[in-house]
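Beneath this line is the structure, given in structure tokens, with notes to follow.
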Amino acid sequence: MAQAAPVTLLKIGDSMPESADDNEWGEPTSDAVLHTGAEQLPDPEDVVLASGHDITPERLERARRLLKEEGAAGVEKLLP
């Protein structure tokens with residue numbers, strides 16, 4: 001049986017340890033791609049899923065109306 005690699009726990013503020021392969025995680029994501037979601041409204045599908053329900057045509061229509069009438073404030077009502 002193969003042994004598992006040892007696990008190193010990090011504390012808040014610690015940096016990730018350097019690896020032998022500097023590109024292990026791939027290239028960093030450019031700032032132009034990263035966003036918080038505040039720049040645009042979510043899709044109706046995202047609103048339905050955030051409400052904890054399955055996507056149905058009726059729920060998608062309700063989500064579209066919510067986004068149109070209340071915008072981001074309507075979405076905030078669905079989130080804890």
Side-chain angles (χ1 to χ4, degrees):
M1 179 187 286
Q3 287 188 315
V7 174
T8 304
L9 299 176
L10 299 176
K11 295 179 206 135
I12 295 176
D14 287 350
S15 60
M16 293 291 292
E18 295 296 322
S19 68
D21 180 13
D22 288 338
N23 206 13
E24 177 182 352
W25 293 95
E27 294 299 316
T29 304
S30 83
D31 290 344
V33 175
L34 297 174
H35 58 84
T36 63
E39 299 86 11
Q40 61 188 21
L41 288 175
D43 294 326
E45 291 85 356
D46 294 331
V47 173
V48 173
L49 293 174
S51 72
H53 293 94
D54 291 330
I55 296 173
T56 65
E58 296 81 15
R59 290 186 179 128
L60 283 175
E61 185 54 39
R62 275 188 261 155
R64 284 187 192 99
R65 280 197 313 267
L66 176 74
L67 291 170
K68 183 178 178 183
E69 294 170 5
E70 299 187 40
V75 176
E76 294 296 326
K77 293 178 182 179
L78 298 174
L79 304 175

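We count residues from 1, following the sequence as given.
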Exercise: identify the closest heavy-atom pair between G71 and L41: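 The answer is C-CD2, 3.7 Å.
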Where A63 and P44 come nearest, the two heavy atoms and their spacing: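 Taking every non-hydrogen atom into account, CB-O, 3.6 Å.
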Common cluster, V48/L67, ILVMFWY with side-chain heavy-atom separation under 4.5 Å: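 Different hydrophobic clusters.
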When you group the ILVMFWY residues by side-chain heavy-atom contacts below 4.5 Å and let the links chain together, are V47 and L60 in the same group?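 Result: no, two separate clusters.
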I need the full list of salt bridge (charged side-chain N to carboxylate O under 4.0 Å, His left out) pairs touching residues 48-64, with sequence neighbours left out, sorted by first then second residue.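 Matches after skipping sequence neighbours: E61-R64.
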Identify, with sequence neighbours excluded, every residue that meets side-chain hydrogen bond (donor to acceptor under 3.5 Å, both in side chains) alongside E70.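 Per chain and number, E70 pairs via side-chain hydrogen bond (donor to acceptor under 3.5 Å, both in side chains) with K77.
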